[in-house]
Peer 1: 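Attaching a single structure in structure tokens format; questions to follow.
Hydrogens, waters and symmetry mates are skipped; everything else that's a heavy atom, side chains included, is used.
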Amino acid sequence: MSSSKPVSENKVGSDANPKKIVALILARGGSKGIPLKNIKILAGVPLIGWVIRAALDSGVFDSVWVSTDHDEIERVAKAWGAEVHRRSPEVSKDTSSSLETIQEFTKEHTDVGVICNIQATSPCLHPCHLKEAVEYITKDGCDSVFSVVRRHHFRWQEVKEGDCQCTTPLNLDPAHRPRRQDWPGELCENGSFYFATRKLIEKGFLQDGKMKYFEMKPEHSVDIDVDIDWPVAEQRVLKYGYFGKDKPQFVKLLLCNVSGCLTDGQIYMTAKGDEMVSINTRDQAGIDMLKKEDVKVILIENDPNTKALAKKLAKRMKCQLLQDVGDKLKKVQKLMKKEGLEWKEVAYLGNDEPDVKCLELAGLSAVPMDAPTVALNHAKYICHNAGGHGAVREFAEHILLLKKEAKSQMEPEHNSNIEYGHSIVY
């Protein structure tokens, strides 16, 4: 990442170490709660993909690494742009600590001066959080920086079963219970990230020396280890997650494959030899929803065997149809030039290898859940539904939700209240 190189020239920690600053995401394959939780799809993106994207787009790291012991996690990590450190069996046990795994990484990467351990289960992490936090290391000379969130919880002393001792308050006076607005609350670690110098890690610490905390807002402190209700977590991420550099509110055009997206890719034949395809009424409703919100929808069909059927579908959907598309990227770029659009204004729903370049470049891109691996690895959103079974409707709702959230974030009264974080030195 060329944009991150200047960071290494800054003084690092109190020992002024000028070496590299890297991000390290720990992702063991043996999750006891949800199998392979780190790559489970959350709001259309592998869980680990959310933090990899935020780390890469922050531009503050010389490299972004995933430490794992699992082949599938390695594949997903590389697909999202991270480098992979294959951890040893010694630090892949249920009893292995994060610190032991980080120490193993530092021993194998002697040019690293600062490590930011990012938690894979924090999908609402934003690049701005990392940008601000790293300056406490590079500019303020801190040895460790960690993320916190402000909580307003009244805590009480635990009394073990069978103990006759009465409980006592730990952080309040019951006779003078404060109102929430009159109490600043307490700062609690949210586990999103921990910066630490190499010197500190070698001593066996992630927090020591000159320390600062970085306060994250509650809406950005979603922790999948705690938020075990996956649908609820998905809604939080859709509302507060980071979706990349290109802002989705600019989407003006959806390009959608007919075969494999609008249909399930199958052709049905009657006894008389008539050919038919099946579409889902939910998908047609999704297209109508987009058009009502001034998002143009263009269908793409490249299979000569379904040419006539594609024309009938396009007529039914009242959409423009692109056919005989040899080079999809070239055809789409020509269309965009004609429409006066940029990639960030385009959403693309594809399902196979010829769609890869368009999936990578589009501001929003998606594939049905049954798409081949080559397409899954390059889409920004993976639908829960298969092609011909609601994938188009799902992606349409995703586009409109992001558009709605983006509009609300652009309101002046919202922007005036944005705060990214605060710190204090210990």
Peer 1: Name the one of R151, R155, H153 that satisfies side chain to side chain donor-acceptor pair (under 3.5 Å) with E186?
Peer 2: R155

Peer 1: With no hydrogens and no angle check, do the side chains of W65 and S63 hold a donor and an acceptor under 3.5 Å apart?
Peer 2: yes

Peer 1: Just to verify, which of W80, F243, Y240 counts as forming a ring-ring contact (aromatic ring centres under 6.0 Å, His included) with W50?
Peer 2: F243

Peer 1: Is there a donor-acceptor contact under 3.5 Å from the side chain of T263 to the main chain of I279?
Peer 2: no

Peer 1: Ignoring hydrogens and angles, tell me if any N or O in the side chain of D69 forms a donor-acceptor pair with the backbone of P89 under 3.5 Å.
Peer 2: no

Peer 1: Which distance, rounded to the nearest 0.5 Å, do you find between the CD1 of I137 and the SG of C116?
Peer 2: 9.0 Å

Peer 1: Would you say the side-chain atoms of S259 and E301 include a donor-acceptor pair closer than 3.5 Å?
Peer 2: yes

Peer 1: Using side chain to side chain contact (heavy atoms under 4.5 Å, CB included) as the criterion, list what pairs up with R180, not counting sequence neighbours.
Peer 2: H152

Peer 1: If you round to the nearest 0.5 Å, how far is CG of L262 from CG of L299?
Peer 2: 6.0 Å

Peer 1: Pick from D355, L349, N257, V258: which one makes a side chain to side chain contact (heavy atoms under 4.5 Å, CB included) with I300?
Peer 2: N257

Peer 1: Parallel under 30°, tilted from 30 to 60°, perpendicular over 60°: which one fits the rings of F193 and F214?
Peer 2: tilted

Peer 1: Can you tell me if N351 uses its side chain to pair, donor with acceptor, with the backbone of V367 under 3.5 Å?
Peer 2: no

Peer 1: Can you sort out the partners of E353 under side chain to side chain contact (heavy atoms under 4.5 Å, CB included), two or more places apart, ordered by chain and number?
Peer 2: V374

Peer 1: Give me each pair satisfying side chain to side chain donor-acceptor pair (under 3.5 Å) with a member in residues 385-394, each pair once, sequence neighbours excluded.
Peer 2: Y381-E394, H384-E394, N385-E394, R393-E397

Peer 1: Among N38, T101, V91, find the one that has a side chain to side chain contact (heavy atoms under 4.5 Å, CB included) with L26.
Peer 2: T101

Peer 1: Looking at K212 and D140, is any side-chain nitrogen of the basic one under 4.0 Å from a carboxylate oxygen of the acidic one?
Peer 2: yes

Peer 1: Whether the side chain of R150 engages the backbone of P184 through a donor-acceptor N/O pair (distance < 3.5 Å, no angle test) should be reported.
Peer 2: yes

Peer 1: I need the W230 CH2 to I41 CD1 distance, nearest 0.5 Å.
Peer 2: 9.0 Å

Peer 1: Could you label the plane-to-plane angle of the H109 and H85 rings as parallel, tilted or perpendicular, counting under 30° as parallel and over 60° as perpendicular?
Peer 2: perpendicular

Peer 1: Look at atom NZ of K291 and say whether more than 12 heavy atoms of other residues, nucleotides or ligands are closer to it than 6.0 Å.
Peer 2: yes

Peer 1: Check the angle between the aromatic planes of F154 and W183 and answer parallel, tilted or perpendicular using the 30° and 60° thresholds.
Peer 2: parallel

Peer 1: Would you say the side chains of R198 and T106 form a donor-acceptor pair under 3.5 Å?
Peer 2: no

Peer 1: Is it the case that more than 12 heavy atoms not belonging to E158 sit under 6.0 Å from its CD atom?
Peer 2: no

